[in-house]
Structure formats: structure tokens, C-alpha cells
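All remarks here apply to the structure that follows.
Note that these values count all heavy atoms, side chains included, but never hydrogens, waters or copies made by symmetry. The structure displayed is predicted, hence computed values, not measured ones. Below, read A as the first sequence line, B as the second, and so on, with proteins coming before strands; counting in each chain starts at 1.
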Amino acid sequence: MVVTRFAPSPTGFLHIGGARTALFNWLYARHCGGKFLLRIEDTDRQRSTDEAVAAIYAGMKWLGLDWDGDAISQFDRKERHAEVAQQLLESGNAYHCYCTPEELAEMREAAVKEGCPSLYDGRWRERDPSEAPAGVDPVIRLKAQKDGETKINDLIQGEVTVGHDQIDDMVLLRSDGTPTYMLAVVVDDHDMGVTHVIRGDDHLTNTFRQIQIYKAMGWDIPEMAHMPLLHGDDGKKLSKRHGALGVEAYRDMGFLPEALNNYLLRLGWSHGDEEIISREQATEWFEVADVGRGAARFDMDKLTNLNGHYIRECDNARLTALVMEYLRAEPEIVLSDEAEHRLLNGMTELKDRAKNILELSDNAKIYAIERPLSFDQKALKLLDETGLGVVEMMRSRLADLPDWTKETIEESARSAAAERDLGFGKIAQPLRAALCGTTVSPGIFDVLYVLGRDESLARLQDALEMDRGSE
RNA sequence: GUCCCCUUCGUCUAGUGGCCUAGGACGUCGGCCUCUCACGCCGAAAACACGGGUUCGAGUCCCGUAGGGGGCACCA
């Protein structure tokens, strides 16, 4: 059975690049009917916090990436890691090294000067423990293979070969007895039964070091798949100003999780010309081998476009709930049952006009705002003598309407325009200004209908009676 | 410095030797629709990094160059 995993280190939030890695692992596991596991790489105690771990859980949940079983804490497994290091020591595949940090720094400097890769030279590899200096806690290093080379068949990168002269005797266990990342990943992946390691490109060369551990332990090496990293819009490494934010930041910017998922999926993976891909469809189609080899740049415009699509497709009740959540923070908004009702009724027209939930909420304010309205500059301009004349005329016509339906409202406004030989815009714009306080809104019949007779007439009356100040 | 990886429109990509006069999407520009704004629809400009091979034929295979990215920690 296929087993994949996502192994983030909890350093604040679920990074957007990490989210993509998680998504790919999730998709591959689900595609194969296998398992998707979550492991928190919290061995760095300085940087790991409970809040950060909670942020990862929350981010995964928001994206709909559920994992099988309980999340595993790498820190909790430190005894097991030490045990493996001990085994390696006993089998003669590892040894104690008493080098000081200064000594190692010198070594690196000298190597670079000679044009060699800056590797540990293995000076304690064959030395007898009796030569150990007093008072120095040793580290345990792996006795890596010196000759030959290792070739892997990466599911994404293809055949990659690295000579063993590029791999030194890396530290497995620190002098304080804690495991290094290299040891921990290998032990954990093995113990968790991971069959496919799908991770960022930045681990490609590390893989060859890790394979040394697998070999020394006599363990099976999982399939490897190294996906290209995400870059900023300038092609450089993704940084904060490029959008290297936590997924919750995207949620707060008004993105829908399905939009982010779809966008992340198409970044480095494709299925012919398909652009809009549902979770179900993605699960069916996803193959690791189809992931591209080149790094992709993060493009906010495309994400935004996708988000607009998913908003339009989204259920009105769900959108209303999201909008209510944002509107709750607005002081001039009172979220009465009446307002919620209007929001829901107006949502079909509203959602065509928004690319994110923030914008949607802003546009939705016309249905939740309390009378009397305030008018923006352009609206005021429309409500001049002529405009107010139209408002007054329409107010009385609408007041006489026997039924308040979109059809009767439209008929009333259209005939008014025809009778006066006016372009319809001459009627609609002043009405819009009086009803919404702005010059932009959904279709005017929809606004009138959703607002209802009483509220509509009251708002029109407000406009007629408003104090125009110095004007 | 050294090793590894990458390179098709501005961006994400299709493309696995002839179906490519290089396709789609976002963005941009123009138009249509229209009560505003959107949505939708139609159309346009826009790319095989460069140089050598291999082949009847190369975006597709090989080599080199350039550019970009990553690794080389008692970080993960």
C-alpha cells in the first residue's frame, strides 16, 4: 500500500509552499487508495511552539487535507532515534567524533580554499576511542561509503547520480544526545512505513546522504519524488513580500480553500488543458510522474481569477455566512435577521461581482447598512435636481405598485422611461444612488426587490429629504 | 568554491521526432452584451534561452554555453 507523509516544521504557520507539498502528498495517497500521514518535525525546541502546531492543523483542515491516524511528533521519538544511532555504532557503521566546532570551521575553510567541497574529512573515523580528549562530549557520525556513487530514480526528476566523494560522515546524534534531522527523517519514514517521499527540491541532494543511513540499517529505500520549489513573481525565492504567507493569511484575504487548492495544484502539475479541477477530479487524475521539473512562480492574478470562479460557483448560504463573519466587525452594520435575509436573497447577483470575500462583503453592505445612508461623491452628483426629480417620480410610482416583484418593478421603471422618452440609464442611476449611496451595485430591479417595498421607499424618501449642507 | 537540478508567450502550462503555421489558461489590448459595475461572449498581440550536433525531419534526442534554483551545519 502506498503511504505518503507531510512533515512540516512548526515555525509559525502552514507556509503556502508547504501547503502545496501537503496537497500533492494527499492527492497521491488518495489517488492510490493509500495513506497520508502527518509528522510534525519539532526537534528544534527553540522554534517549535504549540501555537505553530495548532496553526498547521488549522491550515490543513481549512484546505481539507485530512491525514490518517494521529499526527506524529518527531520530538517524542528521540529515544528511538538515539537507539538507531546506537545500533549503527554497534554494527560498526558509525563512530564517535570529538572535533570541536572551531576545528570543523577550519576544516571547511581549508577545503573551500583548495576547491574541494566543504566536507568533514573523517579524521575520527578510524581512531581508537582511547585517544578521545577528556571533557569533550562526542557526536556520533555515520561511516558513509567512500567509493562509488549512488543513483536514484526520482519520480519527478528522473535519474540522478551523486558520487560518494560528495557525501561526508554526517552527524547522526549531537553531543547532547539529540538526533539530527538526517537521522530523524530516515528513522521516522521507515518506522511509519512511508513508501513515497514527496517533498521539495531542496532535499534532493540530502536524499543521497539519507540513503547512506538506509543502507547502513539495511532498510528499504522509499520511492523519491522531489518537486520544484515555489518562487516569487520575480523568479527569486519565495519571501514574505511575494506571498510566502501562511494559508490563514489567504483565508483572511478572502480566498476560498477550493480556489487555493486548485491554484496550487496547477502550479507544477497539469492534466492537458484542464484549468478548473475539482478535488474529486484531481484525486482521480493526479500522478506524481506528471509533476513538472521547473520551478513555478506565484501569480496572485491567477489565484484571484480562480477565486472569482469558485465564488460564483459557491452556495449562497455558505457565502452569506462568510460575509456575515466579515460584516460583524463593521461598526455601521447591524446584522439583523432582516439583513441576513436580504444578504441571502441578493447573493446570486452579488457573487458575480466579487473576486474575494472581502470585496463581496463590501458590495453586500448595501443590504445590511442602516438608514439613513451616506452618499459618496459620485452618488451625490447624480442626485441633483434632475436626479431627485426622477427619484420622486419613481418613489410614487413604486409606492402604487400592487405587487412587489422583479417583474412589476421593472415594468414600472421601463414604462416611466418610455413615457418621458428617457434612456433607461437616466432612471436607473439616480435610483441606484438614492438606494445604495453609490453608483455601483447589482441590477437596480434586484436591489429594489431584495430591499423590499418598505425599505426601498424609505431610502428614496431619505434621499429626497436629505440635508445637502452648503449645496 | 564544489556538487546536483532546472530553462516553451509577462505568468502557469500543453507538447514524449513528422498531427506545431507551437495549443489552452491568467494577465494585457480591442469589440459585443448592458441601467452602473461585474459576469458572459468574440477577437488581437505575445514563447520553444543561445550555439553546435544526430536525423530525411527537433520544442521534442545528444553535447556545450549562458541564466536561474538548491545542497554542501552538532538547522529542518
Side-chain angles (χ1 to χ4, degrees), chain A residues 7-9 11 41-44 46-48 74 97 99 101 104-105 108 111-120 137-141 154 156-158 160-163 165-168 170-176 178-182 184-185 200-209 226 228-229 231 233 235-237 263 266-276 292-306 308-309 312 349-355 363 378 382 410 413-414 417 423-429 431-433 436 438-445:
Chain A
S9 44
T11 52
E41 309 225 317
D42 50 0
T43 52
D44 186 341
Q46 306 292 71
R47 293 199 287 167
S48 304
Q74 190 160 62
C97 165
C99 286
L104 293 171
R108 240 170 270 138
V112 168
K113 205 174 287 177
E114 284 184 37
C116 303
S118 54
L119 302 172
Y120 172 72
D137 288 327
V139 298
I140 295 180
R141 283 184 184 272
D154 191 278
I156 294 170
Q157 303 294 342
V160 183
T161 307
V162 169
D165 55 344
Q166 298 301 319
I167 300 167
D168 63 1
M170 70 193 134
V171 174
L172 299 175
L173 216 61
R174 302 190 184 99
S175 49
D176 65 0
T178 60
T180 60
Y181 164 76
M182 289 293 174
V185 219
D201 223 355
D202 49 341
H203 289 292
L204 183 55
T205 11
N206 283 336
T207 302
F208 293 87
R209 308 173 147 260
H226 288 91
L229 264 19
H231 283 179
D233 53 16
K236 301 290 184 202
K237 196 176 176 180
Y263 178 69
R266 279 291 284 101
L267 220 48
W269 177 89
S270 64
H271 185 82
D273 286 339
E274 300 292 338
E275 296 286 347
I276 305 293
R293 276 128 302 191
R297 301 185 188 201
F298 193 86
D299 181 6
M300 208 43 122
D301 284 339
K302 191 150 184 176
L303 206 208
T304 301
N305 173 273
L306 233 21
H309 169 87
R312 270 169 258 135
E349 289 284 323
L350 244 19
K351 67 186 180 185
D352 271 358
R353 296 168 164 76
K355 293 206 175 341
N363 295 342
K378 287 178 182 168
L382 276 169
E410 172 157 9
R414 295 252 182 233
F424 187 69
K426 298 287 186 206
I427 302 276
Q429 279 304 81
L431 274 182
R432 183 169 351 257
C436 307
T438 64
T439 53
V440 175
S441 82
I444 201 66
F445 312 128

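Residue whose closest nucleotide on RNA chain B sits further toward the 5' end, between A:Trp269 and A:Asp301: A:Trp269. Projected onto RNA chain B by closest heavy-atom contact, A:Arg414 and A:Gly163 fall at different nucleotides, the more 5' of which corresponds to A:Gly163.
Here A:Gly443 lies in heavy-atom contact (under 4.0 Å) with a base. Counting non-hydrogen atoms under 4.0 angstrom, A:Leu267 reaches the backbone sugars and phosphates but no base. Base engagement by A:His203 is indicated by at least one non-hydrogen atom pair under 4.0 Å involving a base atom. A:Pro8 comes within 4.0 angstrom of nothing in the nucleic acid, heavy atoms only. Using a 4.0 Å heavy-atom distance criterion, A:Cys97 is classed as making no nucleic acid contact. Nucleic acid contact for A:Thr439: base, since at least one base atom lies under 4.0 Å from a heavy atom of the residue. The residue A:Val160 sits close only to the backbone: its heavy atoms come under 4.0 Å of sugar-phosphate atoms, none of a base. Residue-level contact check: A:Thr178 touches neither bases nor backbone, having no heavy atom under 4.0 Å from any strand. Within the nucleic acid shown, A:Phe208 has no heavy atom closer than 4.0 Å to any nucleic acid atom. Base contact: A:Met182 has a heavy atom under 4.0 Å from a base atom.
For A:Gln166, counting side-chain heavy atoms from C-beta on, the closest listed nucleotide (B:U11, B:C35, B:C3) is B:C3. Proximity note for A:Asp352 (side chain, C-beta onward) versus B:A38, B:C35, B:G71: the nearest is B:A38. The listed nucleotides are B:U36, B:G24, B:C4; the one nearest the side chain of A:Glu275 is B:G24. Nearest nucleotide to the A:Val171 side chain, out of B:C74, B:U11, B:U36: B:C74. Taking only side-chain atoms of A:Ala296, from C-beta outward, the nucleotide of B:C74, B:U13, B:G71 with the closest atom is B:U13. With distances taken from any side-chain atom of A:Leu229 to the nucleotides B:G70, B:A76, B:C5, the minimum falls on B:G70. Of the candidates B:G70, B:U36, B:A76, the closest approach to any side-chain atom of A:Thr43 belongs to B:A76.
A straight line from OH of A:Tyr263 to C1' of B:U13 spans 11 Å, rounded to a whole angstrom. Across the protein-nucleic acid pair, A:Asp165 atom CG and B:C72 atom P stand 16 Å apart, rounded to whole Å. Counting to the nearest Å, the P atom of B:U13 and the CG atom of A:Asp299 are 11 Å from each other. Per the geometry, CZ belonging to A:Phe298 stands 13 Å off C1' belonging to B:C26, to the nearest Å. One interatomic measurement links the two molecules: NZ of A:Lys302 to P of B:C9, which rounds to 14 Å at whole-angstrom precision. If you measure from atom NZ of A:Lys355 to atom P of B:C26, you get 11 Å, rounded to the nearest angstrom. Here the P atom of nucleotide B:C3 and the CG atom of A:Asp168 are 16 Å apart, to the nearest Å. Between the CD atom of A:Glu410 and the C1' atom of B:C35 there is a distance of 10 Å, rounded to whole Å.
Comparing B:A14 with B:G23, their C1' atoms are spaced 6 Å from each other, to the whole Å. Taking atom P in both B:G69 and B:G30, the straight-line distance is 36 Å, to the nearest Å.
In this pair, A:Phe424 and A:Phe445 present their aromatic rings tilted. The plane angle is within the 30 to 60° band.
The shortest distance between side-chain heavy atoms of A:Tyr181 and A:Ser9 does not fall below 4.5 Å. A heavy-atom distance below 4.5 Å is found between the side chains of A:Tyr120 and A:Arg141. Within the 4.5 Å cutoff, the side chain of A:Thr178 has no heavy atoms near those of the A:Thr43 side chain. Within the 4.5 Å cutoff, side-chain heavy atoms of A:Glu41 are placed close to those of A:Val185. With contacts defined as side-chain heavy-atom distances shorter than 4.5 Å, the pair A:Ile444/A:Gln429 does not qualify. In this structure, A:Ile156 and A:His226 have side chains that are not in contact, with every pair of non-hydrogen atoms separated by 4.5 Å or more. A:Leu303 is listed as a side-chain neighbour of A:Phe298, based on a closest heavy-atom distance under 4.5 Å.
Between A:Asn305 and B:G27 there is a side-chain N or O to OP1 or OP2 distance below 4.0 Å. An OP1 or OP2 oxygen of B:G69 is reached within less than 4.0 angstrom by no side-chain nitrogen or oxygen of A:Arg293. A sub-4.0 Å separation between OP1 or OP2 of B:C74 and a side-chain N or O of A:Thr180 is absent. Contact check, A:Arg141 against B:C74: a side-chain N or O comes under 4.0 Å of OP1 or OP2. Taking 4.0 angstrom as the limit, A:Ser270 places a side-chain polar atom (N or O) nearer than this to OP1 or OP2 of B:A14. Within the structure, every side-chain polar atom (N or O) of A:Arg432 is placed at least 4.0 Å from both OP1 and OP2 of B:C37.
With hydrogens and angles left out, the side chain of A:Asp202 and the base of B:G71 share no donor-acceptor pair within 3.5 Å.
B:A25 is paired with B:U11 under the criterion used here, namely a Watson-Crick or G-U wobble arrangement in which both key atom distances are under 3.5 Å. Using Watson-Crick or G-U wobble geometry with both donor-acceptor distances under 3.5 Å, B:G59 finds no partner in any strand shown. Within the shown strands, B:C32 is the pairing partner of B:G40 under the Watson-Crick or G-U definition, both distances less than 3.5 Å. Across all strands shown, the partner of B:C72 is B:G1, judged by Watson-Crick or G-U wobble contacts whose two distances both fall under 3.5 Å. For B:G67, the paired base is B:C6 (Watson-Crick or G-U wobble, both distances below 3.5 Å).
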